[in-house]
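Okay, structure first, notes after.
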Amino acid sequence: MTDKASGLIDEINAVGELLSRALENVTRRVIGQDQVVETALITMLCGGHALLVGAPGLAKTRLVETLGTVMGLNSNRVQFTPDLMPADILGSEVLETATGGTRHFRFLEGPVFCQLLMADEINRASPRTQSALLQAMQEHHVTIAGQERALPVPFHVLATQNPIEQEGTYPLPEAQLDRFLLQIDVGYPSRDKERDILLATTGVVNVEAETVFSPELLLSAQELVRRMPVGESVVEAILDLVRSARPDSPEAGDQVKETVRWGPGPRAAQALMLATRARALVQGRLAPSIDDVLALARPVLIHRMALGFAARTGGQTLDDLITQLGRDIGLKEAAA
């Protein structure tokens with residue numbers, strides 16, 4: 001083993017220990033959502049953004065708040081409403097008068113100038129306000145009054161969306177959905193976990209999270225994720241999965257060609273490549289496997305595909321389709 005490979009292994013093991021502590025801290029406060037916590041942490045290790053979809057009261061806000069504490073990030077929360085304006089997120093310039101009578105403009109930073117932004121119920125805001133996040137999420141800077149202003153690093157957006165009540169909402173356009181690395185579905189806890197929630201949250205003692213990471217450590221972990229080796233079989237599985245989900249691709253099967261209106265672009269393959277590495281790192285492994293690709297297929301693809309009208313009215317779902325695509329990939333790899 002070369003010194004370079006040995007050094008990489010030592011780095012992976014050291015970061016893996018920190019991630020184990022981080023997971024323990026978050027899951028102590030966000031009970032019964034271990035998979036959600038892990039996937040959110042994967043998103044941050046990739047340097048990306050996540051869309052949290054779930055009914056009210058499932059600890060989505062608590063999750064983001066706890067992640068900010070554990071990862072040592074400066075965090076802000078914005079409640080999206082129909083009357084929210086872009087300036088309410090980005091900030092604005094105000095005219096000030098000095099004591100000598102001179103006037104000048106001063107820029108007041110909006111809540112987007114943080115390291116972890118929670119966009120609560122993002123689909124409640126108008127498309128104009130939603131689009132204010134586009135440049136920030138993709139380019140990590142915003143342009144206000146013709147001046148480009150850099151955002152802090154690292155910068156992550158964890159947005160929430162209520163899948164039940166859709167009256168008065170504005171569905172996110174495809175371009176903005178694609179900016180989210182993963183979609184994380186937050187479900188109800190099991191009976192045993194809900195019992196634990198009752199006992200932990202209705203007493204006198206409130207469990208607090210401790211800071212494990214810092215912005216500098218998180219940036220180092222993100223760089224480490226990009227240096228982790230990926231086997232050729234994993235790369236081929238990623239390509240097979242993403243390309244088979246496009247209706248106009250020669251790799252697509254008849255079911256996809258008949259039911260899918262539009263499929264995932266190259267950004268989905270990039271997301272899978274990074275997320276599989278991050279999942280391996282979180283779980284203490286040195287390299288990703290096919291199982292990582294299959295486990296992350298739904299979070300990566302579900303918001304980057306759409307079924308046609310006939311398929312939807314026929315009762316078909318993207319969940320079933322993605323499951324079948326993953327099953328096909330698994331069978332192909334087993335045969336190889």
Side chains of [X] and [Y] in contact at under 4.5 Å (non-hydrogen atoms):
X      : Y      : value
Met305 : Leu318 : yes
Val242 : Arg246 : yes
Val153 : Pro215 : no
Val112 : Phe155 : yes
Leu133 : Leu117 : yes
Leu218 : His156 : yes
Val186 : Gln33  : yes
Pro288 : Val230 : yes

Any donor-acceptor N/O pair, [X] side chain to [Y] backbone, under 3.5 Å:
X      : Y      : result
Thr69  : Ala209 : no
Arg304 : Val300 : yes
Ser214 : Leu217 : yes
Ser20  : Gly16  : no
Thr43  : Thr39  : yes
Lys60  : Gln161 : no
Gln115 : Asn74  : yes
Ser131 : Pro127 : yes
Asn25  : Glu210 : yes
Glu148 : Val142 : no

Return the [atom1] to [atom2] distance between [X] and [Y], rounded to the nearest 0.5 Å.
X      : Y      : atom1 : atom2 : value
Leu18  : Asn13  : CG    : CG    : 11.5 Å
Met85  : Ser92  : CE    : OG    : 11.0 Å
Thr211 : Arg21  : OG1   : CZ    : 10.0 Å
Thr202 : Ile197 : OG1   : CD1   : 11.0 Å
Asp83  : Arg124 : CG    : CZ    : 12.5 Å
Leu181 : Leu45  : CG    : CG    : 11.0 Å

Taking atom [atom1] of [X] as the centre, report whether more than 12 heavy atoms of other residues, nucleotides or ligands fall under 6.0 Å from it.
X      : atom1 : result
Arg312 : CZ    : yes
Asn206 : CG    : yes
Lys257 : NZ    : yes

Taking [Y] as the starting point, is it possible to reach [X] by hopping between hydrophobic residues whose side chains are less than 4.5 Å apart?
X      : Y      : result
Val207 : Leu23  : no
Ile144 : Val78  : yes
Val70  : Ile31  : no
Leu219 : Val225 : no
Leu286 : Leu19  : yes

Closest contact, heavy atoms only, [X] versus [Y]:
X      : Y      : result
Ile89  : Thr129 : CD1-CG2, 3.5 Å
Ala150 : Phe113 : O-CE2, 3.6 Å
His140 : Met137 : CD2-O, 3.6 Å
Ala119 : Val157 : CB-CG1, 4.4 Å
Ala22  : Phe213 : CB-CE1, 4.2 Å
Leu325 : Ala245 : CD1-CB, 3.8 Å

- Please assess Gln79 against Thr81 for the test side chain to side chain contact (heavy atoms under 4.5 Å, CB included), listing each intermediate value before the final yes or no. CA-CA 6 Å; Gln79 179 66 51; Thr81 57; 4.2 Å; yes
- Please assess Leu321 against Leu307 for the test side chain to side chain contact (heavy atoms under 4.5 Å, CB included), listing each intermediate value before the final yes or no. CA-CA 10 Å; Leu321 180 59; Leu307 293 177; 4.1 Å; yes
- Apply side-chain hydrogen bond (donor to acceptor under 3.5 Å, both in side chains) to the pair Asp328 and Gln324, showing each step before the final yes or no. CA-CA 6 Å; Asp328 293 343; Gln324 183 58 52; 2.8 Å; yes
- Task: Report the C-alpha distance between Thr317 and Asp320 in whole Å, list the side-chain angles of each, state the deciding distance to 0.1 Å, and finish with yes or no for side-chain hydrogen bond (donor to acceptor under 3.5 Å, both in side chains).
- Result: CA-CA 5 Å; Thr317 65; Asp320 292 339; 3.1 Å; yes
- Glu11 with Arg227: basic N within carboxylate O range, under 4.0 Å: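 Result for this pair is yes, salt bridge flagged.
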- Query: Taking 4.0 angstrom as the limit, do Glu65 and Arg29 come out as a salt bridge?
  - Reply: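 A salt bridge is present here (some side-chain N lies under 4.0 Å from a carboxylate O).
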- Could I get the full list of side-chain hydrogen bond (donor to acceptor under 3.5 Å, both in side chains) partners for Thr160, not counting sequence neighbours?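 Listed in chain order: Asp120.
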- Who passes side-chain hydrogen bond (donor to acceptor under 3.5 Å, both in side chains) against Asp10, sequence neighbours left out?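 Not a single residue meets the side-chain hydrogen bond (donor to acceptor under 3.5 Å, both in side chains) criterion with Asp10.
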- Decide yes or no on side-chain hydrogen bond (donor to acceptor under 3.5 Å, both in side chains) for Arg128 and Gln130, but give the supporting numbers first. CA-CA 6 Å; Arg128 180 184 178 190; Gln130 290 176 6; over 6 Å; no
Return a table of donor-acceptor pairs under 3.5 angstrom between the side chains of residues 261-279 and protein atoms on other chains or two or more places apart.
from: Arg267; atom 1: NH1; to: Asp178; atom 2: OD2; distance (Å): 2.5
from: Thr276; atom 1: OG1; to: Leu272; atom 2: O; distance (Å): 2.9
from: Thr276; atom 1: OG1; to: Met273; atom 2: O; distance (Å): 3.0
from: Arg277; atom 1: NE; to: Met228; atom 2: O; distance (Å): 3.2
from: Arg279; atom 1: NH1; to: Asp292; atom 2: OD1; distance (Å): 2.6

- Start with the C-alpha gap between Asn123 and Tyr170, add the side-chain angles, then the distance that decides, and say whether side chain to side chain contact (heavy atoms under 4.5 Å, CB included) holds. CA-CA 5 Å; Asn123 57 332; Tyr170 302 86; 5.8 Å; no
- Message: Which residue in the set Val212, Val26, Leu41 passes side-chain contact (heavy atoms from CB on, under 4.5 Å) when paired with Met71?
- Response: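 Single side-chain contact (heavy atoms from CB on, under 4.5 Å) partner of Met71 among Val212, Val26, Leu41: Leu41.
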- Query: Can Gln183 and Asp185 be counted as having a side-chain donor-acceptor contact under 3.5 angstrom?
  - Reply: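 Yes, Asp185 and Gln183 have a side-chain donor paired with an acceptor closer than 3.5 Å.
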- Take Leu158 and Leu63 through the test side chain to side chain contact (heavy atoms under 4.5 Å, CB included) and record every step on the way to the result. CA-CA 10 Å; Leu158 296 182; Leu63 168 63; 5.8 Å; no
